[in-house]
Amino acid sequence: MDNKVGERIRYHRLQRGMSQEKLALMAGINPAFLGHLERGLKSPTMTTLDKIIDALGLNYSEFFDDTVHPEDTESRKFYTDMIYGCIKRLPDEKLKMVADIMLKLIELAE
């Protein structure tokens, strides 16, 4: 199943440092359903997509902006933005722990 919408939801959610639970609450949808959308297991109705885009503080033009390509999984920018979105809200001690783990993973990958 093509998951461009789900990838865009995840991308914009992480860019805003939001958890799935927070976005689901703001959009008035079930958090598990949001997870299914992001993974491409379900497809949103237009009503649900309206709620999500509104909760993200976007309009349809911004949500589908082709200058950002979250569906291009080879894009370094997509992954670095995703990582930054996940870590930017962490307290210092947890940020250090994540950095240590990343360094070990990079060391193992090389």
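- A continuous path of hydrophobic side-chain contacts links Ile52 to Phe64 [ILVMFWY only; heavy atoms under 4.5 Å].
- Residues satisfying the side-chain hydrogen bond (donor to acceptor under 3.5 Å, both in side chains) criterion with Asn30, sequence neighbours excluded, are absent altogether.
- Hydrophobic cluster membership is shared by Val98 and Ile83, with clusters built from Ile, Leu, Val, Met, Phe, Trp and Tyr side chains linked at under 4.5 angstrom.
- The distance from atom CG of Leu14 to atom CD1 of Ile87, rounded to the nearest 0.5 Å, is 11.5 Å.
- Judged as a salt bridge (charged side-chain N to carboxylate O under 4.0 Å, His left out), the pairs with a partner in residues 26-38 (not counting sequence neighbours) are, in order, Arg10-Glu38, Arg13-Glu38.
- Here CG of Leu56 is found 12.5 Å from CZ of Arg8. Values are rounded to the nearest 0.5 Å.
- Contacts classified as side chain to side chain donor-acceptor pair (under 3.5 Å) and involving residues 45-55 (residues at least two apart or in different chains) are given here: Thr45-Thr48, Asp50-Tyr60.
- Put simply, NE2 on His36 and OG on Ser43 are 12.5 Å apart, with the number rounded to the nearest 0.5 Å.
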Let me have the donor-acceptor pairs involving side chains of residues 21-28, under 3.5 Å, with sequence neighbours excluded, atom names and distances please.
none

Do any side-chain atoms of residues 100-109 form donor-acceptor pairs under 3.5 angstrom with protein atoms, and if so which ones, sequence neighbours left out?
residue	atom	partner	partner atom	Å
Asp100	OD2	Lys96	NZ	2.8

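- Annotation: side chain of Leu37 is not in contact with side chain of Leu49 (no heavy-atom distance under 4.5 Å).
- Among residues at least two apart or in separate chains, there is no side chain to side chain donor-acceptor pair (under 3.5 Å) pair with a member in residues 84-94.
- Not counting sequence neighbours, Ser61 has no partner by the side-chain hydrogen bond (donor to acceptor under 3.5 Å, both in side chains) test.
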